[in-house]
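This report refers to the structure that appears directly beneath it.
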Amino acid sequence: NPMSDLTAFIDQAWQDHGDDPRGVADRLPQALALVADDNGLLGLIGLAHHVLGEHLGAWQEGLDYGEQLRALPVFDAVLNSGASLSRVQAALKLSGALADERAALSTSDQVRVTVMAAANLASRDATRAASLLQQACDDALAAALPASDPAPRSIAASANGIAGTLEEKPARTTGETALMLAAAEAARRFWEVAGTWLEVERAEYRLAMSCTQAGQLERARGHAQQCLAIAQAHDSVALEAFFGYEALAVVERAAGNAAAFAAAVSAARVAFARLSEGDVGWCQASLDKLLVGQSQSP
């Protein structure tokens, strides 16, 4: 069954791509023979863009692969995958400064292409990425795109990803730190438009973590508290409460407040004990990091 084969291929590729983006990129041509319908095409377009764009910066390789997808018998320009591939190809060209095709697109698609290029460039060229992110935000706000439009969600998700990636970068430049903060702020602003309380609360978490990394601890503490306040207003869902206390603990550890750190870790452990089985695995590493921090705390 080509459908399940392709699903398995894509699932495996997403699992492997973080550690081995080049290996996944080299496997992509094998998937061409497995594509049976528009959904399969969409899955492959998204994977290829993420790996060849964001991870590898292989703009031309991404464009060439897009043309191979376009040549498949199941490809139809009027279906979802047709529009998706046009956006991806425009984003790759913009990222590599090969061409700017945005003028031909709808405002919504222009915004989406711009923010995709910003994400592609975030760990390569912080100055250009910051300028593209700003442009996407400005254009979306100027056009007053509604929550039902995919562009605000696209900004929120991409900006959240940019901030998360740069938080983990060991030696950020000043420009990368500024981009990390701008991205966390953009994610918060646009989840307000496109998301539910859950995304807004997680955007506060992201802001707390980004501000901590930037050394803005007062601000970070405010966002961690806001994250917790939103979780508490929604029945303190265990997973969200855990995130909130984790963020607060990270801030207090960075600030050298031993007592406040210990209190936040203790509250995080209480929330951890309430987690559903499925969420425990997700949060275990975060808790372990806090407990290691506790044994070394000031």
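The basis for the numbers below is simple: all heavy atoms, side chains too, and nothing from hydrogens, waters or symmetry mates.
- Between the side chains of Asp64 and Gln60, at least one donor-acceptor pair of N or O atoms lies under 3.5 Å.
- Cluster annotation: Leu85 is not connected to Leu42 through the hydrophobic network of ILVMFWY side chains, with a link wherever side-chain heavy atoms come within less than 4.5 Å.
- Cluster annotation: Leu275 and Val265 are assigned to the same hydrophobic cluster (Ile/Leu/Val/Met/Phe/Trp/Tyr, side-chain heavy-atom contacts under 4.5 Å, transitive).
- Between Arg206 and Glu167 there is a salt bridge, since at least one side-chain N of the basic residue sits less than 4.0 Å from a carboxylate O of the acidic one.
- The two residues Ile230 and Glu201 have their closest heavy-atom pair at CG2-CB, 3.6 Å.
- Without hydrogens or angle criteria, Glu176 side chain to Thr173 main chain gives a donor-acceptor distance under 3.5 Å.
- With 3.5 Å as the limit, one finds no donor-acceptor pair spanning the side chains of Gln213 and Ser210.
- Using modelled atom types, no side-chain atom of Ser154 and backbone atom of Pro150 make a donor-acceptor pair closer than 3.5 Å.
- Looking at heavy atoms from C-beta onward, Asp38 lies out of side-chain contact with Val74 at the 4.5 angstrom threshold.
- Within the 4.5 Å cutoff, the side chain of Val250 has no heavy atoms near those of the Lys289 side chain.
- Side-chain atoms of Tyr65 come within 3.5 Å of backbone N or O of Leu28 as a donor-acceptor pair.
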Evaluate Arg128 against Ser131 for side chain to side chain contact (heavy atoms under 4.5 Å, CB included), listing each step before the verdict.
CA-CA 5 Å; Arg128 250 192 98 211; Ser131 144; 5.7 Å; no

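- Heavy atoms only, all atoms of each residue included: Cys283 and Phe242 are closest at CB-CE2, 3.5 Å.
- For the pair Glu199 (side chain) and Thr196 (backbone), a donor-acceptor distance under 3.5 Å is present.
- Under the 4.5 Å side-chain criterion, counting only non-hydrogen atoms from C-beta, Arg202 is in contact with Glu240.
- For Ala103 against Gln110, the heavy-atom pair with the smallest separation is O-NE2, 4.1 Å.
- Distance check: Leu92 CG to Arg87 CZ gives 13.0 Å after rounding to the nearest 0.5 Å.
- Ion pairing of Arg221 with Glu218 is present here, as a side-chain N (NZ or NE/NH1/NH2) and a carboxylate O approach within less than 4.0 Å.
- With hydrogens and angles disregarded, no donor-acceptor distance shorter than 3.5 Å links the side chain of Asn257 to the backbone of Ala260.
- Between the OG atom in Ser95 and the CG atom in Leu52 there is a gap of 11.5 Å [rounded to 0.5 Å].
- Under the 4.5 Å side-chain contact rule for hydrophobic residues, Leu105 and Val115 do not share a cluster.
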Between Lys169 and Thr165, does the side chain to side chain contact (heavy atoms under 4.5 Å, CB included) criterion hold? Intermediate values first, please.
CA-CA 7 Å; Lys169 196 163 180 175; Thr165 300; over 6 Å; no

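- Expressed to the nearest 0.5 Å, how far NE2 of His55 lies from CG of Asn120 amounts to 10.0 Å.
- Taken from CG in Leu44 to CG in Asn39, the straight-line distance is 12.5 Å, to the nearest 0.5 Å.
- Arg153 meets the side chain to side chain donor-acceptor pair (under 3.5 Å) test with no other residue; sequence neighbours excluded.
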Step-by-step side-chain hydrogen bond (donor to acceptor under 3.5 Å, both in side chains) determination, Gln284 to Asp288:
CA-CA 6 Å; Gln284 187 68 58; Asp288 291 346; 3.0 Å; yes

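- No side-chain heavy atom of Thr107 sits under 4.5 Å from any side-chain heavy atom of Asp149.
- Distance CD/Glu246 to SG/Cys227: 9.5 Å, rounded to 0.5 Å.
- Annotation for Tyr245 and Ala264: closest pair CB-O, 3.7 Å, computed over non-hydrogen atoms.
- At least one side-chain heavy atom of Arg253 sits under 4.5 Å from a side-chain heavy atom of Leu290.
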Hey, mind stepping through Arg188 and Glu185 against salt bridge (Lys or Arg N to Asp or Glu O under 4.0 Å) and telling me if it holds?
CA-CA 5 Å; Arg188 172 67 182 79; Glu185 286 158 13; over 6 Å; no

What do the steps show when you test Asp76 against Ser81 for side chain to side chain contact (heavy atoms under 4.5 Å, CB included), and what is the final call?
CA-CA 7 Å; Asp76 185 336; Ser81 60; over 6 Å; no

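- The hydrophobic clustering, which links ILVMFWY residues whose side-chain heavy atoms are closer than 4.5 Å, places Leu239 and Met209 together.
- Across every non-hydrogen atom of Ala31 and Phe9, the tightest pair is CB-CE2, 3.5 Å.
- Follow the hydrophobic side-chain contacts under 4.5 Å out from Leu34 and you reach Val24 in the same cluster.
- By the 4.0 Å N-to-carboxylate-O rule, Arg70 lies close enough to Glu67 to be salt-bridged with it.
- Looking at every heavy atom in both residues, Gly43 comes nearest to Ile10 through C-CD1, 3.7 Å.
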Run the numbers on Arg189 and Leu141 for side chain to side chain contact (heavy atoms under 4.5 Å, CB included), then give the verdict.
CA-CA 10 Å; Arg189 177 161 201 176; Leu141 292 168; 3.5 Å; yes

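- Atoms CG and CZ, on Asp139 and Arg102 in that order, are 8.0 Å from each other to the nearest 0.5 Å.
- Not one N or O on the side chain of His50 forms a donor-acceptor pair closer than 3.5 Å with the backbone of Leu47.
- Residues forming a ring-ring contact (aromatic ring centres under 6.0 Å, His included) with Tyr205 (at least two apart in sequence, or on another chain): Phe243.
- Residues Leu198 and Val237 form no side-chain contact, since every pair of their non-hydrogen atoms from C-beta on lies 4.5 Å or further apart.
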